[in-house]
Amino acid sequence: MINVEALTKSYDGFTAVDNVNFVCRPGRVTGFLGPNGAGKTTTMRMMVGLTTPTSGRVTIGGHLYQDIPNPGRHVGILLDASAQHAGRTGREVLTLGAKTMGLPLSRVDEMLELVSLSGKEGDRRIRNYSLGMRQRLGIAHALLGDPSVLILDEPANGLDPAGIRWMRGLLREYADRGGAVLLSSHLLTEVQQVADDIIMIGRGKIVAQGTPAELMQTTGTFVRAADNAVLLQALAKHDISANPVGDGFRADANAAKIGRITASAQIPLLELRPADGGLEDLFLELTADTQRETVLKGAAA
Ligand SMILES: Nc1ncnc2c1ncn2[C@@H]1O[C@H](COP(=O)(O)OP(=O)(O)O)[C@@H](O)[C@H]1O
Ligand SMILES: [Mg+2]
């Protein structure tokens, strides 16, 4: 179990991680979702003692990471798959890891096999690995010590679609055996298909969290009219808030209510449906004011 408590990191007055609280439970895959620059990597680095928090703390199984003896046996980490000695082979990296953790060397072949780097690929130097191969090796390294907690920062980057599916299966199985997985991504689709819990972060702050189903419930109704301005007026008159999504709006009311309102106001609709497409709209909306473009616009103003 990972416990993130009031975690904050500031750099020269800029708050990269702002009072973040969440837990990551055993037996579950927790998706840590946010656009680039949201603070995912900084949060994960603070979990494992690579970045010192300005305030707050993270415990893993009740302990600070720095206080865990032989941490690789308890916590598997993949933060930057390319942060490996380029001149070593995959096999060498895992062998060094196994020796450091006091593991039988048979683990090395098991892990190479698990991530499909067995045979010649395991004996190639990492400088000649594709990003996808580095991610596979990183996953093998994270799993080497048979830890009960996995912390993976954007592990799907560089994997091909088959590789992403493979990883999803691996993480699902790992969690089903009781492990806790924290998996970050800037892509909703990657997280949505495997996560039991989703934590959404934008500009350093948690903007939503819950199971995918819980987050979907808050998505309301997608509605679009030929004349969106008239539609918006009609909704506002009934105190229904609506946020722009794509070429329509996500309104905080059910379809029946919106249908009645627009029918009586004689507003022809082009679309009226549960905003089920859903989490994606929610994600874009929740993080809308945290996107880079908005930041740039704000800076220019
Ligand atoms: N060492 C640092 N010094 C200054 N700013 C940093 C440092 N590390 C990260 N940041 C800033 O903190 C914000 C969050 O970065 P990061 O955690 O890498 O986001 P993510 O992983 O979600 O893309 C970014 O604006 C980034 O530029
Ligand atoms: Mg990152």
Side-chain angles (χ1 to χ4, degrees), residues 2 4-24 29-58 60 65-66 75-84 131-132 134-139 141-142 149-159 163-164 167 171 181-192 194-195 197-209 215 279-280 282-301:
I2 306 173
V4 181
E5 301 166 23
L7 195 65
T8 296
K9 180 70 190 183
S10 304
Y11 295 107
D12 287 330
F14 167 77
T15 309
V17 173
D18 194 350
N19 190 27
V20 162
N21 294 277
F22 66 88
V23 296
C24 178
V29 176
T30 302
F32 193 28
L33 183 66
N36 294 326
K40 303 179 297 296
T41 299
T42 306
T43 301
M44 290 171 130
R45 287 178 60 88
M46 287 192 278
M47 290 180 170
V48 299
L50 289 172
T51 294
T52 312
T54 304
S55 60
R57 62 172 203 161
V58 181
I60 302 176
Y65 181 84
Q66 297 90 312
V75 188
I77 303 166
L78 171 55
L79 291 185
D80 180 352
S82 294
Q84 285 286 2
L131 179 56
R134 288 173 203 207
Q135 296 283 23
R136 285 171 182 273
L137 179 66
I139 290 168
H141 196 270
V149 174
L150 268 186
I151 297 175
L152 310 174
D153 191 11
E154 309 243 11
N157 279 0
L159 289 181
I164 292 174
M167 189 187 64
L171 298 182
V181 182
L182 181 65
L183 164 78
S184 80
S185 177
H186 63 284
L187 295 174
L188 174 68
T189 45
E190 267 169 22
V191 162
Q192 195 178 8
V194 67
D197 300 298
I198 293 180
I199 314 285
M200 282 194 198
I201 185 170
R203 221 189 264 178
K205 288 195 169 77
I206 303 296
V207 290
Q209 57 178 303
L215 292 178
L279 275 176
E280 173 115 64
L282 180 67
F283 177 49
L284 288 174
E285 193 187 307
L286 285 172
T287 57
D289 63 336
T290 69
Q291 301 278 356
R292 202 163 293 277
E293 299 81 70
T294 324
V295 175
L296 288 178
K297 254 186 259 158

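Sequence positions, counted from 1, serve as the residue numbers for this chain. Start at 1 and go down the list; that is how both ligands and their atoms are numbered. On a predicted model such as this, the values are computed, not experimentally measured, just so you know. All values below come from the heavy atoms of this structure, side chains included, with hydrogens, waters and symmetry mates left out.
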message: Applying the side chain to side chain contact (heavy atoms under 4.5 Å, CB included) criterion to R45, which one of L50, I151, V17, T52 satisfies it?
response: L50
statement: Between the CE atom in M46 and the OG1 atom in T43, the distance rounded to the nearest 0.5 Å is 5.0 Å
field: Those atoms of ligand 1 less than 4.0 Å from some heavy atom in N36
entry: 23 (O)
task: For atom 23 (O) of ligand 1, grab the closest protein heavy atom and report residue, atom and distance to one decimal in Å.
output: G37 N, 2.6 Å
task: Please confirm whether the backbone N or O of S10 pairs with a side-chain atom of T15, one donor and one acceptor, at under 3.5 Å?
output: no
task: Could you walk me through whether V149 and Y65 pass the side chain to side chain contact (heavy atoms under 4.5 Å, CB included) test, one step at a time?
output: CA-CA 11 Å; V149 174; Y65 181 84; over 6 Å; no
message: To check your reading of the model: name the closest protein heavy atom to atom 19 (O) of ligand 1, its residue, and the distance in Å.
response: G39 N, 3.1 Å
field: Backbone of L183 reached by a side-chain donor or acceptor of K40 within 3.5 Å
entry: no
message: Taking 2.8 Å as the cut-off, does N36 contribute an N, O or S atom near the Mg ion (ligand 2), distance below it?
response: no
query: In terms of residue, atom name and distance, what is the protein heavy atom nearest to atom 12 (O) of ligand 1?
result: A16 CB, 3.2 Å
query: How far apart are the closest heavy atoms of V48 and I77, and which atoms are they?
result: CG1-CD1, 3.4 Å
message: Nearest 0.5 Å, please: how far is CD1 in I199 from CD in Q209?
response: 4.0 Å
query: Between F14 and ligand 1, is there a nitrogen or oxygen pair with a distance under 3.5 Å?
result: no
query: Got a protein heavy atom sitting under 4.0 Å from atom 27 (O) of ligand 1?
result: no
statement: the protein heavy atom lying closest to atom 16 (P) of ligand 1 turns out to be T42 OG1, 3.6 Å
- request: Write out the residue and atom name of the closest protein heavy atom to atom 3 (N) of ligand 1, then the distance separating them to 0.1 Å.
  value: Y11 CD2, 3.4 Å
- prompt: Counting distance only, does the side-chain N/O of Q135 pair as donor-acceptor with the main-chain N or O of N157 below 3.5 Å?
  reply: yes
Residue and atom name of the nearest protein heavy atom (relative to atom 18 (O) of ligand 1), distance in Å to one decimal: T41 CB, 3.7 Å
Close approach of G34 to ligand 1, heavy atoms, under 4.0 angstrom: no
